[in-house]
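Everything on this sheet refers to the single structure shown next.
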Amino acid sequence: MRILAIGECMAEMAPTDAPSTYQMGFAGDTFNTAWYLAQLTPETPLSYFTAVGDDAISSRMLGAMRESGINTQQVRIVPNRSVGLYLITLNNGERSFTYWRGQSAARLLAQDKQALAHAMMQSDLIYFSGITLAILNPEGRAALLDVARSARRGGKRIAFDPNLRPHLWDSSSEMTENIMQAAAVSDIALPSFEDEATWFSDKNPAATLQRYARAGAETIVVKNGAETVLYRTRGAEGSVHVPPLASVVDTTAAGDSFNAGILAGLATDTPLPDSIALACKLAGHVVQGKGALVPINQSLLDSCPQP
Ligand code: AMP
């Protein structure tokens, strides 16, 4: 199975122990998922679709993607643009984020509808998120959903994480309307209950699950932090216990890494409850480390199904 992840990767400046000294890295929700996925199932062909600029930082980003085992052949190069940037500030151990992404080339990723359609044609499973949609203009969103809808009709599977980020949208109603339009073109929905409860007023994870089922998703996995994961696939429902952790260091990319476990399971035809157990194990490891991209240890990789 060939997988395509679509979205924005940004340059990250993370504080180090030395005052006013930052370490540069690359991260972004769908990219984080691809990064974990490349390690979980290195045999699975995996591409990232985005747009970057034609400057030095853009080529460095593409190099970092390739080094992680992610194919960048479909990435669009937009002259005179660059990549988005965010800076992490630590305040008594609490991380806060400042973003510069208004002029990011990734905002133009859906401008060339044919390129998007071509990338989807070369894949079997297509993954994007609410953040992918949020950074696009209305025409770009319509183009992405249109191409995804056609790809689905042509037999491709579409996986979607709503990843609700109200500050990226003009209004909460614009966000919720667009999210449900994306859900309507998706086979697999991967929502996080806490955010869904806030913005859709879901009373419990079962209500979240039902809402995405009504939108047309065949497989739904509702994440809920340390609480039980609820799922439904082809009409069968169940839940998977989340192993408790002694300590949580940083929840950045918990959901992104969890999604990588689910996509790895889909790529290898693993039964969904087993994929969820793997996803919990991986996300549990990630929240015990700092930052979005936490190196995975061999024992975790050994427990992974291979295609
Ligand atoms: P979330 O998107 O916050 O619901 O979290 C995604 C996944 O990360 C959850 O389904 C868990 O597998 C894992 N996770 C997040 N927070 C915790 C926690 N405090 N303890 C254990 N696992 C967690």
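Both ligands and their constituent atoms are indexed starting at 1 by order of listing.
Atom 22 (N) of ligand 1 has V242 CG1, 3.5 Å as its closest protein atom, hydrogens excluded (heavy atom only). Counting protein heavy atoms only, atom 21 (C) of ligand 1 is closest to L245 CD1, 3.4 Å. At the shortest separation from atom 13 (C) of ligand 1 among protein heavy atoms lies A283 CB, 3.6 Å.
Using cut-offs of 30° and 60° on the angle between ring planes, the pair Y99 and Y86 is tilted.
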Worksheet item: When you look at S47 and Q122, which way does the side chain to side chain donor-acceptor pair (under 3.5 Å) test go after all the steps?
Response: CA-CA 9 Å; S47 295; Q122 310 290 310; over 6 Å; no
Item to complete: For the pair D55 and S58, evaluate side chain to side chain donor-acceptor pair (under 3.5 Å) and give the outcome as yes or no after the intermediate values.
Response: CA-CA 5 Å; D55 56 352; S58 297; 2.5 Å; yes
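For ligand 1, the polar-atom distance check finds no N/O of V248 at less than 3.5 Å from any of the ligand's N/O atoms. Checked against a 3.5 angstrom limit, the closest N/O atoms of S192 and ligand 1 fall inside it.
Closest heavy-atom approach to atom 12 (O) of ligand 1 among the candidates A226, C280, P243: C280.
At least one heavy atom of G225 lies less than 4.0 angstrom from ligand 1. Heavy atoms of T251 stay at 4.0 angstrom or farther from ligand 1.
For the salt bridge (Lys or Arg N to Asp or Glu O under 4.0 Å) condition, no pair includes a residue of residues 251-269, sequence neighbours left out.
Screening T30, T132, N259 for a side chain to side chain donor-acceptor pair (under 3.5 Å) with Y127, the sole residue that qualifies is N259.
Heavy atoms from other residues, nucleotides or ligands lying under 6.0 Å from CG of D170 number 12 at most.
Which parts of ligand 1 touch F258 is read off a 4.0 Å heavy-atom cut-off, strictly below it: atoms 7 (C), 10 (O), 12 (O). For ligand 1, the atoms lying closer than 4.0 Å to a non-hydrogen atom of N224 are 4 (O).
In terms of hydrophobic clustering, with Ile, Leu, Val, Met, Phe, Trp and Tyr side chains grouped at heavy-atom distances under 4.5 Å, L46 and I158 are assigned to different clusters.
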